[in-house]
2 protein chains.
Amino acid sequence: MTDISRSGCPINLSLEVLGDKWSLLIIRDMMFGNRRHFRELLTKSEEGISSNILADRLKTLLDEGIITREDDPTHKQKGIYSLTEQGIELLPVLAQMASWGYKYLPISEELGIRAQLLSEGGPKLWADFMDELRETHLGTKRRKRTGPSVGERLQAAYESIVKRK
Amino acid sequence: MTDISRSGCPINLSLEVLGDKWSLLIIRDMMFGNRRHFRELLTKSEEGISSNILADRLKTLLDEGIITREDDPTHKQKGIYSLTEQGIELLPVLAQMASWGYKYLPISEELGIRAQLLSEGGPKLWADFMDELRETHLGTKRRKRTGPSVGERLQAAYESIVKRK
DNA sequence: TCAAACTGCTTGCGATTTGCAACTGGTTGT
DNA sequence: ACAACCAGTTGCAAATCGCAAGCAGTTTGA
């Protein structure tokens, strides 16, 4: 990858890491689709990333400290990818991007419902979801639960539309 | 550009428009640096975009309805680029990206101060700044002013650090 | 008045990146 | 034993990127 940076501007530096067509989609799938294995990320995403690109992006996300990788104890060949705190804190970026796309681009109904909930929920909902991600990705102790989790609500909303069709 | 989209996901569609290393930097310069002419965008940015790439990106941003272009009445050859409402509403995306970069990447002090103010100011400050952008880019009527504008405050903070050095 | 500088781009071309397809070496389930 | 599955790797063609130079028209300054 590129070692030399074009400027010290935070937006530029962020773009040097995330400014391509795939990196944020991989993070999206890890966050919202709970995809943690290479194969899951490869085949269960809408857009169809190719394996060499996926391998390359996972490597740079590892290098940047946005994700980690560890061996799956139940399967010698599987690796489990997890978001770091740094990766989890990309949620607001994704949420704003989703809101903007939801408002201005020709999104499909079933894939837009998550954006709508995320947008309407605002920072409070994001914070709840980030706490849930810390539980599943960082192994943070589970807090008291009141009702369904944000992740479950996002998933339920998605399925309610898919089934209706 | 690519006409066929990979999926109807709002994050994916946003990335198909903005997911490269330059588009958001151009918008950043229009927003925070008030660069409105081709040459300004070409030469007065930190990162040094090349002219063919700039021309190409401006064209797609025009096609996407994120910016507009009109002739400069004071100079027959100059064009003036402006942000549309759709473009102005990318501010939260940039702000979140700047906050994340500010927190996790090795930014330079003078370029980080804007990110810090933007991050600390939160959605309230963003809304004020977006109103100012509507004034300068959309010609919206100027509202009552109480103290310096957000744009002026961002600029003053930047210069206070540059001069100190 | 006339040359120099500046305007928004465009063109040519080599270097890099992308993306498809096939393949590898190993593991797991039946 | 054998098929299916695992995380990637490799080869190669096509697309994109980015530097440098060029262009036609406009404005500026002596």
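Note that the structure is a prediction, hence the values are computed from the model and not measured. Just so we're on the same page: letters track the sequence lines, and every chain starts at 1.
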note = Of C:dT18, C:dG8, D:dG18, the nucleotide closest to the side chain of B:Ser50 is D:dG18
ask   = Side-chain N or O of B:Arg57 less than 4.0 angstrom from OP1 or OP2 on D:dC17?
value = yes
query = Which whole-number value in Å describes the distance from A:Lys21 NZ to D:dT16 C1'?
reply = 11 Å
note = Between CG of B:Asp72 and P of C:dG8 the distance, given in whole Å, is 9 Å
task = Return the value, rounded to whole Å, for the distance between atom CD1 of B:Ile53 and atom P of C:dA15.
result = 17 Å
key: Contacts of B:Lys124 that satisfy salt bridge (charged side-chain N to carboxylate O under 4.0 Å, His left out) - sequence neighbours left out   = B:Asp128
Sequence-distant partners of A:Tyr81, side-chain hydrogen bond (donor to acceptor under 3.5 Å, both in side chains), two or more places apart = none
query = Can you check whether A:Trp22 has a side-chain N or O nearer than 4.0 Å to OP1 or OP2 of C:dT18?
reply = no
task = Whole angstrom is fine here: how far is it from CG in B:Asp56 over to C1' in D:dC19?
result = 16 Å
ask   = Considering residues at least two apart in sequence or located in another chain, which fulfil the side-chain hydrogen bond (donor to acceptor under 3.5 Å, both in side chains) criterion with A:Glu159?
value = A:Gln155
Ion pair B:Glu85/B:Arg134, N-O distance below 4.0 Å = yes
request  = Please name all residues satisfying salt bridge (charged side-chain N to carboxylate O under 4.0 Å, His left out) with A:Arg36, sequence neighbours left out, ordered by chain then number.
outcome  = none
query = Does B:Glu47 have any salt bridge (charged side-chain N to carboxylate O under 4.0 Å, His left out) partners at least two apart in sequence or in another chain, and if so, which?
reply = B:Arg28
key: Salt bridge B:Glu16-A:Lys21, side-chain N to carboxylate O under 4.0 Å   = no
query = D:dC17 C1' sits how many Å from B:Ile26 CD1, rounded?
reply = 14 Å
inquiry  = Tell me the interatomic distance from A:Leu54, atom CG, to D:dT9, atom P, rounded to whole angstroms.
reply    = 11 Å
query = Expressed in angstrom and rounded to an integer, what is the separation of B:Glu70 atom CD from C:dT7 atom P?
reply = 19 Å
Quick test: give all pairs of protein nitrogen or oxygen and nucleotides 26-30 of chain C nitrogen or oxygen below 3.5 Å, distance rounded to 0.1 Å.
residue: C:dG26; atom: N2; partner: A:Gln77; partner atom: OE1; Å: 2.5
residue: C:dG26; atom: N2; partner: A:Gln77; partner atom: NE2; Å: 3.4
residue: C:dG26; atom: N3; partner: A:Gln77; partner atom: OE1; Å: 3.3
residue: C:dG26; atom: N3; partner: A:Gln77; partner atom: NE2; Å: 2.9
residue: C:dT27; atom: O4'; partner: A:Gln77; partner atom: OE1; Å: 3.0
residue: C:dT28; atom: OP1; partner: A:Lys76; partner atom: N; Å: 2.9

ask   = How close or far is atom P of D:dG18 from atom CD of A:Glu16, stated in whole angstroms?
value = 11 Å
query = Taking only residues two or more places apart in sequence, or in another chain, which ones meet B:Ser23 in a side-chain hydrogen bond (donor to acceptor under 3.5 Å, both in side chains)?
reply = B:Asp20
What pairs of nitrogen or oxygen atoms, one from the protein and one from nucleotides 9-13 of chain C, lie under 3.5 Å apart?
residue: C:dC9; atom: OP2; partner: B:Arg69; partner atom: NH1; Å: 2.5
residue: C:dC9; atom: OP2; partner: B:Tyr81; partner atom: OH; Å: 2.5
residue: C:dT10; atom: O4; partner: B:Ser51; partner atom: OG; Å: 2.7

By side-chain hydrogen bond (donor to acceptor under 3.5 Å, both in side chains) - contacts of B:Gln116 (at least two apart) = B:Tyr102, B:Glu120
request  = Apply salt bridge (charged side-chain N to carboxylate O under 4.0 Å, His left out) to B:Asp71 and list each qualifying residue two or more places apart in sequence or on a separate chain.
outcome  = B:Arg69
ask   = Angle, rounded to 10°, between the helical axes spanning five pairs at each terminus of the helix from C:dT1-D:dA30 to C:dT30-D:dA1?
value = 20°
message = So, using ring-ring contact (aromatic ring centres under 6.0 Å, His included) as the criterion, who are the partners of B:Phe32 when residues are at least two apart?
response = B:Phe129
